[in-house]
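Data block below; observations after.
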Amino acid sequence: MVLRVIGAGFGRTGTRSLQAALEPLGFGPCAHMADLIDDPGGIDRWEGAVQCAAGGQVVDWEGVLPGYRATVDWPGAHFWAELAGAYPEAKVVLTVRDPERWYESARETIYGPRRLRRASRLASAAIALGGLAAPGPRRALRLADDLIWDGVFGGRFEERAHAVAVFRRHVEAVTDTIPPERLLVYEVKQGWGPLCRFLGVEPPAGVPFPHLNDGAAFRRLVGQRLALGGIGFALLGGATVSGAGRVVRAVGAARADRGA
């Protein structure tokens with residue numbers, strides 16, 4: 001199976017919605033970083049890709065993304081240029097949003113685990129209670145640290161101006177590199193129309209465009225994952241975290257409800 005769509009947009013630009021839209025259009029399965037927490041093999045493959053790239057070696061992308069027709073979000077978005085070169089027939093979708101709003105969203109969601117781990121011992125205890133100490137979540141978070149927070153953002157994501165500048169440079173790099181006929185610069189709020197025209201497919205009749213991971217969805221996901229003792233996935237997948245104390249209280253309440 002050959003990769004047909006390369007998502008070049010950073011996390012928190014509608015990548016989960018794009019994944020949910022691509023799969024029923026015939027471009028599935030579609031890889032997304034949030035899915036790695038339950039996929040140790042996927043983490044192995046991406047760790048290998050990072051090591052190969054760091055050593056200047058050619059990455060076996062078919063081995064990294066076996067059976068996938070599309071990839072969105074990180075880690076794939078970090079390797080958009082390499083993937084575009086390895087799959088010259090694949091189309092590139094660059095999801096974008098207002099840079100300032102993107103920063104606020106990313107800081108309060110996918111950056112949450114790193115922020116919490118640095119906050120206090122109490123926060124670390126909450127993370128452990130919630131399941132982030134398990135091998136899958138721990139390895140996924142380490143990959144995110146190495147590739148995204150320490151790699152893409154150079155350990156300076158909390159410096160708003162720096163992070164926003166990195167975001168803007170990324171958008172410019174993609175648009176300057178990928179030929180216009182091969183690239184769609186896309187906001188998921190545009191819905192099926194631009195995406196389907198670009199991919200040459202018909203929108204699914206009577207099916208609304210999926211809008212996932214909005215604020216309300218964050219809160220529902222937090223509640224569901226806490227109830228299951230799986231706060232790690234909720235954080236990595238985009239659940240809002242306002243502070244370490246709030247998470248500690250929530251985890252404690254969830255465990256009490258389960259009789260833990």
Side-chain angles (χ1 to χ4, degrees), residues 3-19 21-22 27 30-34 46 49-50 52-54 56 58-59 61 64-65 70-111 114 143-191 193-200 211 213 238:
L3 202 69
R4 298 174 61 192
V5 178
I6 298 165
F10 280 2
R12 299 312 303 155
T13 60
T15 57
R16 203 61 156 158
S17 296
L18 179 59
Q19 179 193 36
L22 287 172
F27 299 95
C30 176
H32 188 290
M33 186 164 191
W46 279 112
V50 172
C52 283
V58 176
V59 177
W61 291 113
V64 176
L65 292 162
T71 179
V72 298
D73 202 84
W74 284 304
H78 179 63
F79 294 101
W80 63 271
E82 292 87 343
L83 288 167
Y87 297 94
E89 301 301 316
K91 295 192 173 183
V92 179
V93 178
L94 174 62
T95 44
V96 295
R97 66 186 298 188
D98 175 79
E100 298 292 341
R101 295 186 65 182
W102 162 80
Y103 179 79
E104 290 293 337
S105 176
R107 186 178 186 278
E108 293 303 316
T109 57
I110 56 177
Y111 187 69
R114 182 177 174 99
L143 177 63
D145 280 346
D146 293 345
L147 185 67
I148 304 168
W149 311 124
D150 292 328
V152 173
F153 295 101
R156 298 171 57 193
F157 181 81
E158 293 195 16
E159 299 176 33
R160 184 188 189 106
H162 172 76
V164 169
V166 170
F167 180 90
R168 292 182 185 276
R169 287 197 299 270
H170 174 76
V171 171
E172 291 174 0
V174 176
T175 55
D176 288 347
T177 303
I178 303 298
E181 64 274 12
R182 193 183 175 193
L183 175 66
L184 174 66
V185 180
Y186 179 64
E187 294 189 48
V188 293
K189 65 183 181 182
Q190 295 174 287
L195 181 65
C196 290
R197 286 193 295 271
F198 176 68
L199 297 175
H211 291 286
N213 272 359

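Just so it is clear, the values below take in all heavy atoms, side chains as well, and ignore hydrogens, waters and symmetry mates.
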Before you tell me yes or no, could you show the steps for V5 and C30 under side-chain contact (heavy atoms from CB on, under 4.5 Å), namely the whole-Å CA-CA distance, both residues' side-chain angles and the distance that decides it to 0.1 Å? CA-CA 9 Å; V5 178; C30 176; over 6 Å; no

Between V166 and E159, does a side-chain contact (heavy atoms from CB on, under 4.5 Å) hold up when you go through it step by step? CA-CA 11 Å; V166 170; E159 299 176 33; over 6 Å; no

Please report the C-alpha distance between L184 and L199 in whole Å, then the side-chain angles of each, then the deciding distance to 0.1 Å, and finally whether the side-chain contact (heavy atoms from CB on, under 4.5 Å) criterion is met. CA-CA 9 Å; L184 174 66; L199 297 175; over 6 Å; no

Before giving the answer on side-chain contact (heavy atoms from CB on, under 4.5 Å), spell out for H170 and V152 the whole-Å C-alpha distance, their side-chain angles and the decisive distance to 0.1 Å. CA-CA 10 Å; H170 174 76; V152 173; over 6 Å; no

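Heavy-atom minimum distance, P99 versus V164: CB-CG1, 3.8 Å. Nearest heavy-atom pair across V188 and H211 is O-CE1, 3.3 Å. Annotation for I110 and R12: closest pair CD1-CG, 3.6 Å, computed over non-hydrogen atoms. Nearest approach of E158 to Y103, heavy atoms of both residues: O-OH, 3.3 Å. Contact record, Q19 with A31: NE2-C, 4.3 Å, taken as the closest heavy-atom pair.
Annotation: side chain of Q190 is not in contact with side chain of L195 (no heavy-atom distance under 4.5 Å). With contacts defined as side-chain heavy-atom distances shorter than 4.5 Å, the pair P75/V50 does not qualify. Looking at L22 and R4, their side chains never come closer than 4.5 Å, going by heavy atoms from C-beta outward.
The main-chain N or O of A173 is found under 3.5 Å from a side-chain atom of T177 such that the two form a donor-acceptor pair. Under a 3.5 Å cut-off, the side chain of W46 and the backbone N or O of L65 do not form any donor-acceptor pair. Of the possible polar contacts, none joining the T15 side chain to the G11 backbone as a donor-acceptor pair under 3.5 Å is found.
Taking the six-membered ring for Trp and thresholds of 30 and 60 degrees, F153 and W149 have nearly parallel ring planes, at less than 30 degrees apart.
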Check: residues 76-95 side-chain donor-acceptor pairs under 3.5 Å, at least two apart:
residue: K91; atom: NZ; partner: F198; partner atom: O; Å: 2.5
residue: T95; atom: OG1; partner: T13; partner atom: OG1; Å: 2.7

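For the atom pair CD of E104 and CG of D98, the computed distance is 10.5 Å after rounding to the nearest 0.5 Å. Atom CG of L143 and atom CH2 of W74 lie 11.5 Å apart (nearest 0.5 Å). Note: L147 CG to M33 CE = 7.0 Å, rounded to the nearest 0.5 Å. To the nearest 0.5 Å, atoms CZ (F27) and CG (L3) are separated by 11.0 Å. Expressed to the nearest 0.5 Å, how far CG of D73 lies from NE2 of H32 amounts to 3.5 Å.
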